[in-house]
Amino acid sequence: MAGAQKRSKLATSMAHDLLTIPELLSRNAVEFGNAPANREKEFGIWQSWTWSEVKRETEDLALGFLALGVEEGDHIAVIGRNRPHLYWSMLAAQMIGAIPVPLYQDAVAFEMAYALDHCGARYVVAGDQEQVDKVLELKESLPSLRHIAYLDPRGMRKYDHSKIADLREVQKRGRAESEKFGPELARRRDRIKSDTTCVMLYTSGTTGRPKGVVLSHGNILEASRSSSEFDSLRQTDSVLAYLPMAWVGDFIFSIGQAYWCGFCVNCPESADTMMTDLKEIGPTYFFAPPRIFESILTSVMIRMEDASAIKRRMFKFFMDHAAEYGPALLSGERLSARNRLLYWLGDLCVYGPLRNVLGFTNIRVGYTAGEAIGPEIFDFYRSLGINLKQLYGQTEASVFITQQPDGEVYSETVGVPSPGVELRIDDKGEVFFRSPGTFEKYYKNPESTAAAKDAEGWVATGDAGYIESETGHLRIIDRAKDVGKTASGSLFAPKYVENKLKFFPNILEAVVFGNGRPFCTAVVNIDLAAVGNWAERNNIAFASYQDLAQNPQVYDMIHANVASVNESLSEDEKLAGCAIKRFVILHKELDADDGELTRTRKVRRGAIEEKYSEIVDAFYGGRDKVYLETEVAYEDGRKGSIAATLNIRDVKSTEALANAA
């Protein structure tokens, strides 16, 4: 252990002199050469690569790219699920002065078309046949495209290989021609500096066309260094890489921080096996957006509904105790001997086994970000003894704007400025930041760059918030453009209300309307897994999501959830005007393929309000039903439509509901 700590300290001191990701890789191959750098589960078996092996694999790929003719400044698109070879492809691109551009693997071809054309991608590294097919479909509209390399050879045998190749064959060629291309690799690597472009990442495009955010090696390294030191991350830590590689968070956690600290990045076999693989790896450092934590909580609640009466009573008793005392204990506050003993018993009987089942036993530091998490959901995990914290960040900041220090974790705030970050709030309540991680520019978009970043380096986040006087922490209210007022002048903050609704396992997604209107209304998506499980236990027959969504008993259940949220809002003087007066359960799930969500599962509020304008008109026109025909996209790319008559429900108070029951 002492030796590991010594190596970690030496690595940190050396890292301050390093300027690029490839330099960190060389450092790690020397200092942590035999330590695991990457693991991947394939065909049910975990494979592992040490740092020295990763360096060889990456250099061979870089040489292979040179053999293909990749030039400095070329954009190399990387598309696929989290796999070591795809991460190495991004590092190999950096080594030769090219620019990696990871794209969302679940994007359909026409969505990829914009990014591939906009960046002028000359090379594509694709994970499998599906991704190759998408690119080939677009080939005629991509004049810059020269070559495609694929990782998984299944299904690729009969393709025309004149312009496509197996990535491992590219790597093999590089290895074979190392003497020829080695000197050029060395020259290019020496030319990479702190201000050289490290990666280009596209924004989610919530309000319009995605923008290509250009981040330098200096941006990524400084953000990785300061955030790693903030949470005392170390070489012996490990993470599970399962979130889209196109998302800035994954790039920071799986490349930036991983290469800075030298810890191991583990890639699951597939999205379907992620939870099983999480339990097998037992990471010490874990990140998930709110939707993942919401999904996990829903599965826990479903399991408990199926448990025996004794187990349900024990779970409720200890969870009630944990909710009251768990977060305080985690923050280091002193508790009475009785409460500590009860928590210890709860940890023995409930919290510990639950953490183990979820794969959270070893977590030292956990984070959630991407959008606001419901306070109740956040407190649930903290109460289990999981050191879950919130951070606030953006692609333009190389992720980190604020973080929560240990001992100062609050469910309603997102923390203090990250090291090196400055914050200010303008007179309209919009949050601005300035930091060493601030992006260089939006690619081919000087107008948007100038609009987002001023001459002094201050960047407009687009979010409304304020600094709490008591804690000094930033509190985000909502997107600045979404915050408004109802017709009566009450504050309207839809995201805050939506997160409260999503705390209930029955509700997967919610979109609240009310800006400039006489009252607030909501469109709700039920959670098919949770509500379907409930229906089966209660002998309620259903054949589809649409059947469940229009079931009167399901409406009653969601009605009770909405009424409960209204009751909690009534206790907040500022947000009492956000109480929901009417709601509808949508006949389909909101879907990124239908343009209703971004690829990071953020609601496209404007698109939804326009698409479902008939529902909004019915809300405020006093109607109790609305007929709707909706176009949907199927997985194979075909278009279709579904129709339904939706019931609109007026919301009664919880007291009125109880009396009716």
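Only a predicted model underlies this, so the values are computations on that prediction, with no experimental measurement involved.
Contact check on Glu59 versus Arg189 returns a salt bridge, with a Lys/Arg side-chain nitrogen under 4.0 Å from an Asp/Glu carboxylate oxygen. Between Glu184 and Arg187 there is a salt bridge, since at least one side-chain N of the basic residue sits less than 4.0 Å from a carboxylate O of the acidic one. Of the charged side-chain nitrogens involved, at least one lies within less than 4.0 Å of a carboxylate oxygen, so that Arg122 and Glu71 count as a salt-bridged pair. A salt bridge is defined here as a Lys NZ or Arg NE, NH1 or NH2 lying under 4.0 Å from an Asp or Glu carboxylate O, and Lys172 with Asp60 fails to meet this definition. The pair Arg173-Glu177 meets the salt-bridge criterion, with a side-chain N (NZ, NE, NH1 or NH2) lying under 4.0 Å from an Asp/Glu carboxylate O. A salt bridge is defined here as a Lys NZ or Arg NE, NH1 or NH2 lying under 4.0 Å from an Asp or Glu carboxylate O, and Arg83 with Glu42 meets this definition. Checked for salt-bridge contact, Glu396 and Lys211 miss the test: no charged N lies under 4.0 Å from a carboxylate O.
Side-chain atoms of Arg475 never come within 3.5 Å of backbone atoms of Val414 as a donor-acceptor pair (strictly under, hydrogens ignored). Between the side chain of Thr368 and the backbone N or O of Ala288, at least one donor-acceptor pair lies under 3.5 Å. At least one donor-acceptor pair under 3.5 Å links the side chain of Glu23 to the backbone N or O of Thr20. The backbone N or O of His473 lies less than 3.5 Å from a partner atom in the side chain of Thr471, making a donor-acceptor pair. Within the 3.5 Å criterion, the main-chain N or O of Gly69 finds a donor-acceptor partner in the side chain of Tyr123. Within the 3.5 Å criterion, the main-chain N or O of Lys41 finds no donor-acceptor partner in the side chain of Glu269. Remark: side-chain polar atoms of Tyr381 are not paired, donor with acceptor, to backbone N or O of Asn387 under 3.5 angstrom. Within the 3.5 Å criterion, the main-chain N or O of Ala328 finds no donor-acceptor partner in the side chain of Ser331.
Thr197 has its side chain out of reach of Glu440: every pair of non-hydrogen atoms, C-beta onward, lies at least 4.5 Å apart. No side-chain heavy atom of Thr402 sits less than 4.5 Å from a side-chain heavy atom of Val416. A 4.5 Å side-chain heavy-atom check between Val54 and Tyr259 finds at least one atom pair inside the cut-off. Looking at heavy atoms from C-beta onward, Leu474 lies in side-chain contact with Ile425 at the 4.5 angstrom threshold. Under the 4.5 Å side-chain criterion, counting only non-hydrogen atoms from C-beta, Pro244 is not in contact with Gln105. Inter-residue side-chain proximity for Met245 and Val78 is flagged as met; some heavy-atom pair is nearer than 4.5 Å. Side-chain contact between Arg27 and Phe32: present, with at least one pair of heavy atoms (C-beta onward) separated by less than 4.5 Å. Between Ser238 and Asn266 there is a side-chain heavy-atom pair separated by less than 4.5 Å.
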Inset, instruction - Assess whether side chain to side chain contact (heavy atoms under 4.5 Å, CB included) is satisfied between Ile296 and Met275, documenting all intermediate values. - result: CA-CA 9 Å; Ile296 293 172; Met275 290 306 298; 4.1 Å; yes
Legend entry - Pair Asp128-Arg81, salt bridge (Lys or Arg N to Asp or Glu O under 4.0 Å): steps then yes or no: CA-CA 9 Å; Asp128 54 25; Arg81 67 176 176 86; over 6 Å; no
Legend entry - Working for ring-ring contact (aromatic ring centres under 6.0 Å, His included), residues Trp51 and Phe263: CA-CA 10 Å; Trp51 279 109; Phe263 59 65; 8.7 Å; no
Legend entry - side chain to side chain contact (heavy atoms under 4.5 Å, CB included) between Tyr367 and Leu388, intermediate numbers included: CA-CA 5 Å; Tyr367 269 112; Leu388 179 62; 5.5 Å; no
Legend entry - salt bridge (Lys or Arg N to Asp or Glu O under 4.0 Å) assessment of Glu222 paired with Arg225: CA-CA 5 Å; Glu222 186 57 30; Arg225 179 195 65 78; 2.3 Å; yes
Inset, instruction - Before giving the answer on side chain to side chain contact (heavy atoms under 4.5 Å, CB included), spell out for Ile99 and Val199 the whole-Å C-alpha distance, their side-chain angles and the decisive distance to 0.1 Å. - result: CA-CA 6 Å; Ile99 301 168; Val199 67; 5.9 Å; no
Inset, instruction - Any chance you could lay out the side chain to side chain contact (heavy atoms under 4.5 Å, CB included) test for Lys55 and Ser26, step after step, and finish with the verdict? - result: CA-CA 7 Å; Lys55 183 173 183 289; Ser26 297; 3.7 Å; yes
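Relative to the six-membered ring of Trp458, Arg424 meets both conditions, a distance below 6.0 Å and an angle of at most 45° to the axis.
With a 6.0 Å radius and a threshold of 12 heavy atoms from other residues, nucleotides or ligands, Lys444 has its NZ atom above the threshold. Atom NZ of Lys441 sits in a sparse spot, with 12 or fewer heavy atoms from other residues, nucleotides or ligands closer than 6.0 Å.
For the pair Tyr202 and Ala115, the tightest heavy-atom approach, listed with the atom from each and the gap, is OH-O, 3.5 Å. Residues Asp166 and Leu151 share a closest heavy-atom pair of OD1-O, 4.3 Å. Scanning both residues, Gln403 and Pro419, for their nearest heavy atoms gives OE1-CD, 3.9 Å.
In this structure, Phe286 and Phe360 have tilted ring planes: the angle between them lies in the 30° to 60° band. Ring-plane geometry between Phe439 and Tyr442 is classed as tilted, the angle between the planes lying from 30 to 60 degrees on a 0 to 90 degree scale.
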